Student: 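Submitted below is the structure of interest, expressed as structure tokens.
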Amino acid sequence: MKPIDFRSDTVTKPTPAMRRAMAEAEVGDDVYGEDPTVNRLEQRVAERLGLEAALFVPSGTQSNQLAMGLHCRPADEVITEAGSHIVQYEGGAVSALWGIQPLMLPGERGLLTPAQVAEAVRGENIHAPRSRLLSLENTHNKGGGTVWPLERFRAVVEVARKAGLAVHLDGARLFNAEVATGTPASAWAKLADTTSVCFSKGLGAPVGSALVGSAALIREARRLRKRLGGGMRQAGLLAAAALYALEHHVERLAEDHAHTRRLAAGLAELSGVKVEPSQVETNILLVEFTRPASEMVSRLASLGVLLNATGAHTARLVCHLDISAADIDEALSRIRRALES
Ligand code: TLP
């Protein structure tokens, strides 16, 4: 029985063509700035996002954390949505690495309003931490793959700008937002000071993310990356996979989105699970089981369907490169079996 793995879009394996690109990559010592493949990737990503410079890093977590360290000093405050990756899934790094205090606002499927941000910004007051950074996520993972409508994003960023805040965008799945809406990823990235994009989510590369921004910010980010042990030497082997992913795996994200809608529509027909097909925007589906999620996760694992519980009755399913339309239909029949047994 072939396992169908919906736990995350991070689980994909490099394709044969991607492995060939890796094997044939020209490499050098990237800490000396001498890896031609890394240099090409950084240039390509910066161009793609309409910004001056980019830095290849091992993970989305490191990319986000470099941005935290670039924009904030100890005791500064980062304003962010309560479910955002930087505060939920990065091991407390904003506090542990940089001494930053997060201010977590409740969002609507991960999205904030301009009024919420305006209210959250601190005035000049010796009692308060300094509001320094607004960090947004597009698509929003915990929100269910939600895309920030560009105008809403612009309005929220404007509030931050007026208050003198820097803006970081966690765009781990920014290309999903691009493909879902037809709005270029650069439209969001240009509004932020720094943007992080990941190659090892929907794009299917084995490793790697990039932090993108002005030449001056990225120069400083390179120093912080070294400090964190992220200088990777002959990293062109990995950058080649990221370049391949950028060139060949962006448009196909539309297939993952279609598969996610197909999965949602199929699940909506079943009893024992609640889904909102109209809320599916990209490749993430949030579901609510009548039975405890932990029980459903292990019952489904025994039938070869893998997913992650997100709460007592809730779970997340993510579609990606290694899941076909036929897999969706097979998964639906296995899930039906699990719900009926
Ligand atoms: N997300 C992972 C888990 O860490 C939750 C997943 O399976 O979705 N930003 C966002 C929005 C992310 O979803 C992730 C990974 C990251 C950053 C971090 O990327 P990595 O795993 O490369 O450090």
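This chain uses plain numbering: 1 for the first residue, then up along the sequence. Whatever order the structure lists ligands and atoms in, that order sets their numbers, starting from 1. If you're wondering where the values come from, they're calculated on a predicted model, not measured in any experiment.
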Student: Find out if a path of hydrophobic residues (ILVMFWY) with successive side-chain heavy-atom gaps under 4.5 Å connects L285 to I4.
Tutor: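 Yes; I4 is reachable from L285 via cluster members.
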Student: Heavy-atom contacts under 4.0 Å between S59 and ligand 1: side chain, backbone, both, or neither?
Tutor: both
Student: If the cut-off is 4.0 Å to any non-hydrogen atom of N64, which atoms of ligand 1 fall inside it?
Tutor: 9 (N), 17 (C)
Student: Which bit of K142 gets closer than 4.0 Å to ligand 1, counting heavy atoms only: side chain, backbone, both or neither?
Tutor: neither
Student: Are R161 and E158 ion-paired here, with the side-chain N under 4.0 Å from a carboxylate O?
Tutor: no
Student: Pick one of side chain, backbone, both or neither for how I86 approaches ligand 1, counting any non-hydrogen atom pair under 4.0 Å.
Tutor: neither
Student: In terms of ring plane angle, is the pair W148 and F153 parallel, tilted or perpendicular, where the classes change at 30° and 60°?
Tutor: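 The rings of W148 and F153 stand perpendicular, inter-plane angle above 60°.
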Student: Hey, is ligand 1 close enough to Q62 that some N/O pair sits below 3.5 Å?
Tutor: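 No - when backbone and side-chain N and O of Q62 are compared with those of ligand 1, no distance drops under 3.5 Å.
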Student: For the residue pair H248 and Y244, categorise the inter-ring angle as parallel (less than 30°), tilted (30 to 60°) or perpendicular (more than 60°).
Tutor: parallel
Student: Hey, is CD on E247 packed in by over 12 heavy atoms from elsewhere, all under 6.0 Å?
Tutor: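 Yes - once you tally the heavy atoms of other residues, nucleotides and ligands closer than 6.0 Å, there are more than 12.
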Student: Applying a 4.0 Å heavy-atom criterion (strictly less than), which segment of R173 is in contact with ligand 1: side chain, backbone, both, or neither?
Tutor: side chain
Student: Quick one: CD1 on I284 to NE2 on H320, what's the gap to the nearest 0.5 Å?
Tutor: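 Reported value, rounded in 0.5 Å steps: 11.5 Å.
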Student: For ligand 1, find out whether one of its N or O atoms is nearer than 3.5 Å to an N or O atom of D170.
Tutor: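 Yes, at least one N or O pair falls under 3.5 Å.
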Student: Which atom pair, heavy atoms only, marks the closest approach of S135 to M68?
Tutor: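 Closest heavy-atom pair between S135 and M68: OG-CE, 3.7 Å.
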Student: Determine whether the side chains of T290 and H313 contain a donor N or O and an acceptor N or O closer than 3.5 Å.
Tutor: no
Student: Indicate yes or no: does an N/O atom of R316 lie under 3.5 Å from an N/O atom of ligand 1?
Tutor: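 For ligand 1, there is an N or O atom that lies under 3.5 Å from one belonging to R316.
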Student: Which protein heavy atom lies closest to atom 22 (O) of ligand 1, and at what distance to 0.1 Å?
Tutor: G60 N, 2.8 Å
Student: Checking a contact table here: which protein heavy atom is nearest atom 11 (C) of ligand 1, and how many Å away?
Tutor: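 Heavy-atom neighbour on the protein nearest atom 11 (C) of ligand 1: E137 OE2, 3.3 Å.
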Student: Going hydrophobic residue to hydrophobic residue with side-chain gaps under 4.5 angstrom, can you get from L243 over to L51?
Tutor: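 Yes; tracing contacts between hydrophobic side chains, which count when under 4.5 Å, links both residues.
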Student: Within the structure, is a non-hydrogen atom of Q88 found at a distance of less than 4.0 Å from ligand 1?
Tutor: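 Q88 does not count as a contact of ligand 1 under the 4.0 Å cut-off.
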Student: Do any nitrogen or oxygen atoms of Y89 come within less than 3.5 Å of a nitrogen or oxygen of ligand 1?
Tutor: no
Student: Under the criterion side chain to side chain donor-acceptor pair (under 3.5 Å), I'd like the reasoning laid out for S63 against S196: C-alpha separation, chi angles, the key distance, then a yes or no.
Tutor: CA-CA 6 Å; S63 193; S196 168; 2.9 Å; yes
Student: Heavy atoms only: which of R7, H85, E90 lies closest to atom 16 (C) of ligand 1?
Tutor: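 Considering heavy atoms of R7, H85, E90, the nearest to atom 16 (C) of ligand 1 sits in H85.
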Student: I'd like to check whether D9 has a polar contact with ligand 1, where a contact means an N/O of the residue lying under 3.5 Å from an N/O of the ligand.
Tutor: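 In this structure, D9 places no N or O atom under 3.5 Å from an N or O of ligand 1.
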Student: Look at atom 19 (O) of ligand 1 and say which protein heavy atom is nearest, naming residue and atom and giving the distance to 0.1 Å.
Tutor: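 Result: K201 NZ, 3.0 Å.
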Student: Could you label the plane-to-plane angle of the F56 and F199 rings as parallel, tilted or perpendicular, counting under 30° as parallel and over 60° as perpendicular?
Tutor: tilted
Student: I'd like to check whether A172 has a polar contact with ligand 1, where a contact means an N/O of the residue lying under 3.5 Å from an N/O of the ligand.
Tutor: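 By distance alone, the answer is no.
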Student: Polar contacts were defined as any N/O atom of the residue lying under 3.5 Å from an N/O atom of the ligand; does this apply to T61 and ligand 1?
Tutor: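 There is such a contact, yes.
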Student: Does E137 use its side chain to pair, donor to acceptor, with the backbone of G110 at less than 3.5 Å?
Tutor: no
Student: I need the atoms of ligand 1 closer than 4.0 Å to a non-hydrogen atom of S8, numbered in the order shown.
Tutor: 6 (C), 7 (O), 8 (O)
Student: Determine whether the side chain, the backbone, both or neither of H140 has a heavy atom under 4.0 Å from any heavy atom of ligand 1.
Tutor: neither
